[in-house]
Each structure stands twice: as C-alpha cells, then as structure tokens.
Amino acid sequence: MIDKYIPAEIEPRWQARWEADRLYEMRSDDSRPKWYALTMFPYTSGDLHIGHWYAMAPSDVFARFKRMQGFNVLHPMGFDAFGLPAENAAIKHGVHPYTWTMKNVENMRRQLKSIGAVYDWSREVVTCLPEYYKWTQWFFIKLWEAGLAYRAKAPVNWCPACKAVLANEQVVDGSCWRCEAPVARRDLEQWFFRITRYADELMRHDHLDWPERIKTMQANWVGRSEGTEIAFALESGDSNTSGNPGEIKVFTTRPDTAYGVTFMVLAPEHPLVASITAPDRRTAIDEYIRQVRMRTEIERLSVDKEKDGVFTGAYATNRLNDERVPVFIADYVLLSYGTGAVMGVPAHDERDFAFAKRYNLPMKVVIAPPNWQEEEALSGAYTGPGRMVNSGMFNGTINTDGARDITKHLEAQGWGCPSISYKLRDWLISRQRYWGAPIPMIYCKQCGLQPVPERDLPVLLPEDAEFRPGGDSPLTYHKVFLKTTCPNCGGQAQRETDTMDTFMCSSWYFLRYCSPHCSEAAYDSRQVQQWMPIDIYTGGADHAVMHLFYARFFVKALRDMGLLSFNEPFLRLFNQGVITCQHQKMSKSKGNVVNPDDYVQMLGADTVRAYIMFVGPWEQGGDWDDSGISGLSRFLNRVWTLALEPYKIKNWDEAAERALQRTTHQTIRRVSGDMERLHFNTMLAALMEYASQLNKARETGGISEHLWNESVQALLLMIAPTAPHLAEELWARRGLPYSIHSQSWPKWDEVLAQAETIPLLIQVSGKLRDKLLVAPDIAEDEARTMAMASAKVQAHTSGKEIVQCIYVPGRLINLVVRP
RNA sequence: GCCGGGGUGGCGGAACUGGCAGACGCAGCGGACUUAAAAUCCGCCGGAGCAAUCCUUGUGGGUUCAAAUCCCUCCCCCGGCACCA
C-alpha cells in the first residue's frame, strides 16, 4: 500500500532543500551556453494574485525546460518598488512608504517562493533601495551628459488626483493611466529625455522575434509621417507692429493640395499668436485661449466635438498663387505635432471641411474627384486620388506626382522643403512626488544647473518627510534635503525636488540582475556581456508601449555612450493573455481579486501551476474559473500512483513492447515541440495521454520491467518543469539520483517514433467512407486496389465512373466519381 | 472611423503545411468497488434518424477532388490607436 500524495508536505520540504543546496544559483564559470529568461518583475502592490501566477508559472516552466536542455539559465526575480500607491498608503494610513513597500515585498517574496520557481533569490533586485537607485540616478547624469536629458517649460499632462505630471504614454483616453482621473494641461518647467532622437530606430524591430501586434503598436506610437514643410508669408493684423512680420510654417502630407488653401489655423499655444493678433481681435483670442486651457484632455480629444476657433485678424499669403487667406486659432490643431500650424484645405481634408462649414469659409477644389463637373461645393471633403485642377502649372498632373513636383518647386523657390514629423514626444520623467528616485541635480545661483558628483550618489530620500494630503511633494518642504552646496563653487545651492518616473527604474533592472551586488558600477560589464541580450522576455501586453519602449531607448542610449555593445535588450518577446474575474479586470477596488494561496494550500503549487497552463493557450488568457482544477489534481495523483505502485510483468509481448516504446518517443517529440512554442496546454494533454497509455500497459503487463522503468522516468522528466515538487519526490522515491532538475531533457529517436501502420482514409468524392490500416509507405497502386476492394467504398462507386484518383501518401486516397 | 486578434459541443479548448472536426480536461449519464457515501477505476457523451445515412466550426457566397483552415460580403466579441495636418 503506497501512501497518499500530500503536496502540502512535499512542496515546502523540496523548496527548502533546493534553497539550501543553492540548486538554482548561477555560476559565471559555467561552460554551458547561457539562456536569459526574464519575466516582468511585479509592482509591490501587496499581494500576488492569480494573474501574477499566470505570468510567473508558465515562464518558470519554460526556464526549467531550457535548464534541462543544457542551458545555463538565468531566471531572476525582483520588485518594481517605487511609485504612487506607496505614497497614497502613507497619506491614508500614516505608514511610511518604505515600510509599506518592504512589508509588501516580504509577503510577495513568500508567495513567489510558493510557486516553486527556479528564481535565484541571491540576485533579487528592489528598485527603491539606495543600492539600486544610486545607479538609476547615475544613469540620469549619464543621459544628461550625453545631451539626452533637458529641462524645459512646456504644456504638460497634469493629473489632478495624483498631483503629478504624466508622460504622454501615461495618458490613456485623456485620463491618468493609474487613477483614471481626467488629465488637465499645465505649463511647467520639467525634465525630459530626448527619446525622439531614437524615433526611427525605435520603430524598427529588425531580427526581433516579437508579436506583430506589439511591433505595430510601437511603430504607430512613433507615428512617423513624411510630408512637406511650407512657409506662408505673414501679414500682421496688428498695424502697429513694424518691420517684417515673418512667416507661418506648416507641415502637410498633402502638398498636392497646396493650391486649395483658403485659410490657416494655428494651435492656440503657438508662439506667433500673440504677435499677429489684431488689436480688435485680442479680447476674443484671449477668451478662447482661456477656455481651451480649462478643457480637459478628454474634451479636447473628443472627435464628436464641433471644431471651434477664432479669427486672429491676421492674413497669410500662399506664395504659390499669391492668394491671401485668414489666419485662425483652433484647438484641433496641436502645438506638439508638426509645426503647430496647418494650412486649411477644406475641399480635401475632413477636419478643414468641418471647420470651413462652420465659419463659412470658401472651398476650392484642386484634386478632381471622379465624375467631377467643376462644381465648387462638395458634400464632403474628397481625400482620394485624382488629377490636379486650379493648380497653376500643375494642372492635369496626377496628384501623387504633383505632391512630389510641388515640393520640388517649393524647395527651388525657398518656400518649403521635404520634412518628416513624428507623433512621438520626448519622455517627461519629472514627478512631483516623494516615493521615487530623486533627480540628482543641483541649482546654484552662480554656476547654474549642476549634476550631483558621482561620489555623492545616491541622493538619499530623507526618511523624516511629512506626508500631507493634497500638498506638493514632501521634498519641497524638507529644508535639510533642499539645502546643499554647489559642487562647482561650494556656495549655497538647492536640490531638485522632483523624483523620477518609475519607468526609469524598470528601464535597466534586467542589467542589474547580471551583477546585482556590484558596488562600483551599475553593472559589471563582463557579466552583462555574458548574459545580455535577453533570450526570452515574458509579460503582459499592457507594457507594449511604455516599459518596452523606454527600456529599448535606454539600451540604445547606453550603447551610443559606449556602455553597452548590443542594440536590443529583448530578442524574443511573448505576451501572456489577461486573466479576468467575472469578465472584469481584477483589481482591489473592484474586490474581485483571486488569491492563489488557498488553492496552493489545498491542492498544492504543482496542481495550480499545471491548471493555469492547461486551461488554454498562454497568449489568450481568459476568465478565471476553478471548476476544472480537480482534473489536474486527479492527473497528478495518477502520476503519483503510476510511479510508486510496483510493476509486475504478466506475459511479455514484443508488439506491446515496441508499441509503448513508440508512444514514448512520439510523446517526447510532441512535448518538446509544444514546450519550444510555449503551447503548454497541448503539452499537458500529451502527457495525460501518455500517462493513460502507461496505465494500460501496466494492466496488460506485456512489457519488460526495464521498459516500464524507462517509460516512467521519461514521464517524470517531462513533467518536471510543470510539477517540479512532485517530480522530484517521485524521482527520489524511485531511488534515482538527486536532483531531477539537474537531469537532461529526454531525447526522441525518429526511427523509434515512426508508426508501423497508419490509418489510410478512403474517400469517395471527398467524403470519408472507410479507413484501412496500411504501412505508411504504401504505394498508390496498392492503396487504390485496397480501396476499390472495400465494400463500403463499392456501395458508393458501383455503376459510376471513377474520373480521378487523388493520393496523398501516408494520409488518404480520394476516388472522385461522376455522379 | 482605422489597425490587430478572435467567433468550433453544455463549458475550457484541440486540429502542425488545405486532408478523419471535436484530442485533452470539466460538467453530465451509466456501470464496477462499497452496508453506504466519498475517493478510485471502466464505459458513453455535437444534432436528427430504428438504420443506412444526413446535418454541423458566427452569416451568406466563392475557389478546390477535399475548407474550421484560402478568397469575398455581412454580423458579433476582445485589444490597440484615434482631430497627428
């Protein structure tokens, strides 16, 4: 009588043993090929929910698979620990953000350990610790020295709830990505990173094995478009302004419509607005600007909103045809895109059409729509192709050629030039909050902006800050923190009080894992050389633009400083799907968070790991439903019995012996292939089938003891990545050498995996009528003869003429009859 | 509106390059074991029909000897982008 499978007894025991033996710690003198398997590290929110398991367990299975395949696998874990929730907890419950965060780290570390993963905890990284953020600050200074960090006054996204500015990427549908409060605009002096310098490189993903979806999203985010910059001569509306009022530059992707301009529009924030506004228009203009500034992003971005604007009183001249057109301001024109000014061509642009309709501006057709009878009024903007009309010397040209020709003409006259615009904006990294890495800069009245010298890093967060609701960052009130001396002249100076966007911390953590305790540098170059780039990076698709984009920018910037020697950090990217609860995103506020601890307690980590992977394709995610988990619990119990109950041979049978051997090799082939493609659900289905085959073989007792043992061992090896504790326990109980996780992944033999007979499908006119067991390499003639001999086939062919015979070797024969 | 992914039994899903639709599991039904229950094991399990057979992969059409798979139309769901000139 064998004892029962009790995961709660087995799992902690093996976890303790693995830790004591340092089974998963990496050694740099290891001669095996390296494999860096990275899972996105969790934010320290407090508890691990089932979604975390869904991210962590399958990636651990894959890392274990790679280990068994002979790779030296680095699969580290850490915590993204700076950020607003910690500070909110401080304000709400009076607990220090550090205390709150580290308590969460401790709890989450315990939960993560219960997964039974191969994480090397000696490499753990926590981004809010000075030993880590010292180097985040160091990177800031490096970027500043390289001219990639700058301070600028600009209209920024302000979240009134978080009381901090947001990067463009953090504004989702006009709302804050974290708290969903509507975002407002503010003019503030802030720190930016020049990510736009890398726009072209960031939209390319050469040689990267990434989901098409993510590559497209990133390319769209960069939003490169090629067009033409055209300068219009300006005639000031203010007659008091003396001298040359200058020109307005616009960016357009449709230079072919340049003869159709009937008005111009500037963004309300455009610097020219103040100087061109006519005195009698000033009040109206100021009022409009005031209104626009009060609008939230949501209102401003609303497509349904009528396009409103105000006439400035100024006129501009289209140099191509010397036509004089009025200049407006309107908030459908964005300061941040192109030149912040557009030419209005109502006949050929939908937005301009709507604007012209509203303000009764003239329209001029310059691209002939199909069947156009020279009528002036169109029912809507015509944006399709056509021949150019009303366009002077370009009349009759196809508009696509005209775009090129007009640009050449403008360039020759000095009125314009080809130009490229991007949607991508520079990365705003300042945050007016406490719980982040302080920006290591000093303001000196004498010497100006000074970086904190490297020897003075880290700039520590003061522990005794006060957390008050509604206020600015506690750092701005902290006199001791604020006051410092200038590193250049030694005089009195002030510290920068902004902290960095937490995405800054997560942009380089994968480098820190390579040498987590390096104290003289952010990382040991030799170690980074050895491990980077990352072979597979797994995590949620919600980081498609923010984190992945910033991390790529970081790597490219460091490369250009000579600090790294590769172009891309993540060679293969895989996004697991989202686990929902009652078809809603899990969140603490909704109270629908599924905690895995109870399942682990009752059924064991191995069962939870297996179930998570079995429910469907990993990339698909799904709604959490525990009704099927018993199936996996049963399966692991079957494996337990299978491995421990002694085998007794009854009557040896050569055919049975060969059949099981064949099944074993076929299963190894299937499981290995599924593993490589991360198809864990079908991988487990294959193992279940194999286990039931083994059960049948035991019942029959027709195979040798040797083959039985070999087959059971193959099963244990193949299930080891999925159910590491169970496999280790059974491996030990069968008297095999510790540890199963140091064994090689089983190999299959194509010859042994080959089927002796295959079912040949017999079709008549494409419909299945019979199946015959034949040798896989049966010749067509023979197959046809056998097919014709089948009674079931004859029932459908008798009296009919066979007009065609299609033979697919090893699969089917199809006899096509004339009806 | 644009881009991407998807729609298969009561449910989660499988089907590799166009070649047996429904693997594997859940739920359900029947049986064995048991005084009984749980657990375990075995069998059945898309629909219609006594049967041969026919129907069935969101809808309608097409290509093909053969379509869940390829092409076109429409409907629905999920994700992303959305005044980007």
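The chains referred to below are lettered A, B, ... by the order of the sequence lines, with proteins before strands, and numbering in each begins at 1. All of these numbers come straight from a predicted model, not from anything done at the bench.
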Each nucleotide N or O in nucleotides 46-49 of chain B that has a protein N or O under 3.5 Å away: list the pair and distance.
none

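- Applying the salt bridge (Lys or Arg N to Asp or Glu O under 4.0 Å) rule to A:E619 yields no partners; only residues at least two apart in sequence or on another chain are considered.
- Separating the CH2 atom of A:W624 from the P atom of B:rC11 is a distance of 20 Å, rounded to the nearest angstrom.
- The residue A:V342 sits close to a base: some heavy atom pair falls under 4.0 Å.
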### Task
Give the C-alpha distance, both sets of side-chain angles, the deciding distance and a yes or no for side-chain contact (heavy atoms from CB on, under 4.5 Å) between A:I802 and A:M788.
CA-CA 10 Å; A:I802 292 170; A:M788 304 282 278; 3.6 Å; yes
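- The minimum heavy-atom distance linking A:V327 with A:L234 is given by the pair CG2-CD1, 4.4 Å.
- Spacing between B:rA21 and B:rG46 at atom C1', rounded to whole Å, works out to 10 Å.
- Looking only at atom types and distance, the side chain of A:R698 has no donor-acceptor partner in the side chain of A:Y647 under 3.5 Å away.
- Every side-chain hydrogen bond (donor to acceptor under 3.5 Å, both in side chains) that A:T196 has, sequence neighbours left out, goes to A:D426.
- Applying the salt bridge (Lys or Arg N to Asp or Glu O under 4.0 Å) test to A:D674 and every residue at least two apart in sequence or in another chain returns A:R677.
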### Query
Given A:Y550 and A:W221, is the ring-ring contact (aromatic ring centres under 6.0 Å, His included) satisfied, shown in steps?
CA-CA 12 Å; A:Y550 296 144; A:W221 192 259; 9.3 Å; no
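- To the nearest angstrom, P of B:rG13 lies 16 Å from CE of A:M613.
- Taking for each of A:V816 and A:D349 the nucleotide of RNA chain B with the nearest heavy atom, the 5'-most of the two is the partner of A:V816.
- Put simply, A:N681 has a side-chain N or O that comes within less than 4.0 Å of OP1 or OP2 on B:rA14.
- Side-chain N/O atoms of A:S225 and A:Y337 include a donor and acceptor closer than 3.5 Å.
- Counting heavy-atom neighbours within 6.0 Å of A:R358 CZ, excluding the residue itself, gives a total above 12.
- For A:Q291, the CD atom counts as densely surrounded, since its 6.0 Å shell holds more than 12 non-hydrogen atoms of other residues, nucleotides or ligands.
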Distances under 3.5 Å between nitrogen or oxygen atoms of protein and nucleotides 54-58 of chain B:
| from | atom 1 | to | atom 2 | distance (Å) |
| --- | --- | --- | --- | --- |
| B:rC54 | OP1 | A:R769 | NH2 | 3.4 |
| B:rC54 | OP2 | A:R769 | NH1 | 3.4 |

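- Rounded to whole Å, atom P of B:rA15 lies 14 Å from atom CE of A:M683.
- When only modelled atom types and interatomic distance are considered, A:T407 and A:T228 share a side-chain donor-acceptor pair under 3.5 Å.
- In the model, A:N318 has no side-chain atom that pairs as donor or acceptor with a side-chain atom of A:Y259 under 3.5 Å.
- In summary, the aromatic rings of A:F574 and A:W618 are positioned with their centroids under 6.0 Å apart.
- Not less than 6.0 angstrom separates the ring centroid of A:F635 from the ring centroid of A:W640.
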Output side-chain donor-acceptor pairs under 3.5 Å for residues 665-673 of chain A, partner residues at least two apart or in another chain, one line each.
| from | atom 1 | to | atom 2 | distance (Å) |
| --- | --- | --- | --- | --- |
| A:H665 | ND1 | A:D749 | N | 3.0 |
| A:Q666 | NE2 | A:A753 | O | 2.9 |
| A:T667 | OG1 | A:T663 | O | 2.7 |
| A:R669 | NH1 | A:E750 | OE1 | 2.7 |
| A:R670 | NH2 | A:E689 | OE2 | 3.4 |
| A:S672 | OG | A:I668 | O | 2.6 |
| A:S672 | OG | A:W745 | NE1 | 2.9 |

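- Between the C1' atoms of B:rA67 and B:rC45, the separation comes to 27 Å (whole Å).
- The gap from the P atom of B:rG18 to that of B:rG13 amounts to 24 Å, rounded to the nearest Å.
- For the residue pair A:R552 and A:H205, a side-chain donor N or O sits within less than 3.5 Å of a side-chain acceptor on the partner.
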#### Entry: Dot-bracket line, read 5' to 3' along RNA chain B, where crossing pairs take [ ] and | marks a partner on another strand, Watson-Crick or G-U under 3.5 Å
(((((((..(((......[....))).(((((.......))))).(((....)))..(.(((..]....))).))))))))....
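- Nucleotides B:rC42 and B:rC33 are separated by 11 Å at their C1' atoms, to the nearest Å.
- Listed by chain and residue number, nothing satisfies the salt bridge (Lys or Arg N to Asp or Glu O under 4.0 Å) test with A:E350 (two or more places apart in sequence, or in another chain).
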Distances for protein N/O vs nucleotides 24-31 of chain B N/O pairs under 3.5 angstrom?
| from | atom 1 | to | atom 2 | distance (Å) |
| --- | --- | --- | --- | --- |
| B:rC26 | OP1 | A:R634 | NH1 | 2.5 |
| B:rC26 | O2' | A:S627 | O | 3.2 |

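- Separating the NZ atom of A:K357 from the C1' atom of B:rC83 is a distance of 19 Å, rounded to the nearest angstrom.
- Across the protein-nucleic acid pair, A:K696 atom NZ and B:rC41 atom P stand 13 Å apart, rounded to whole Å.
- Taking atom C1' in both B:rA14 and B:rC26, one finds a spacing of 15 Å when rounded to whole Å.
- A:S225 comes within 4.0 angstrom of the backbone, heavy atoms only, and of no base.
- The distance between atom CD of A:Q218 and atom P of B:rC81, rounded to the nearest whole Å, is 12 Å.
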Scan the side chains in residues 209-216 of chain A for donor-acceptor partners under 3.5 Å anywhere in the protein, sequence neighbours excluded, and list what turns up.
| from | atom 1 | to | atom 2 | distance (Å) |
| --- | --- | --- | --- | --- |
| A:W210 | NE1 | A:F570 | O | 2.8 |
| A:T216 | OG1 | A:E212 | O | 2.7 |

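- Between B:rC78 and B:rC16, the two C1' atoms lie 26 Å apart (nearest whole Å).
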Polar pairs (N or O, both sides) under 3.5 Å between protein and nucleotides 4-9 of chain B?
none

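- Atom C1' of B:rG22 sits at a distance of 28 Å from the matching atom of B:rU73, rounded to the whole Å.
- Cation-pi contact between A:K307 and A:F355: absent, since separation from the ring centre below 6.0 Å together with deviation from the ring axis within 45° is not met.
- Atom P of nucleotide B:rU40 and atom CG of A:N695 are separated by 13 Å, given to the nearest angstrom.
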For nucleotides 16-21 of chain B, give me every protein contact, N/O to N/O, under 3.5 Å, one pair per line with atom names.
| from | atom 1 | to | atom 2 | distance (Å) |
| --- | --- | --- | --- | --- |
| B:rG19 | N2 | A:Q763 | OE1 | 3.1 |
| B:rC20 | O2 | A:K771 | NZ | 2.4 |

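- Nucleotides B:rG6 and B:rU17 have their P atoms positioned 13 Å apart, rounded to a whole Å.
- B:rA51 atom P lies 16 Å from atom NZ of A:K792, rounded to whole Å.
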### Message
As a quick check of understanding, evaluate side chain to side chain donor-acceptor pair (under 3.5 Å) for A:D352 and A:Y332, giving each step before the final call.
### Response
CA-CA 10 Å; A:D352 296 344; A:Y332 81 87; 3.1 Å; yes
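- Syn is the glycosidic conformation of B:rG9, whose angle stays within 90° of 0.
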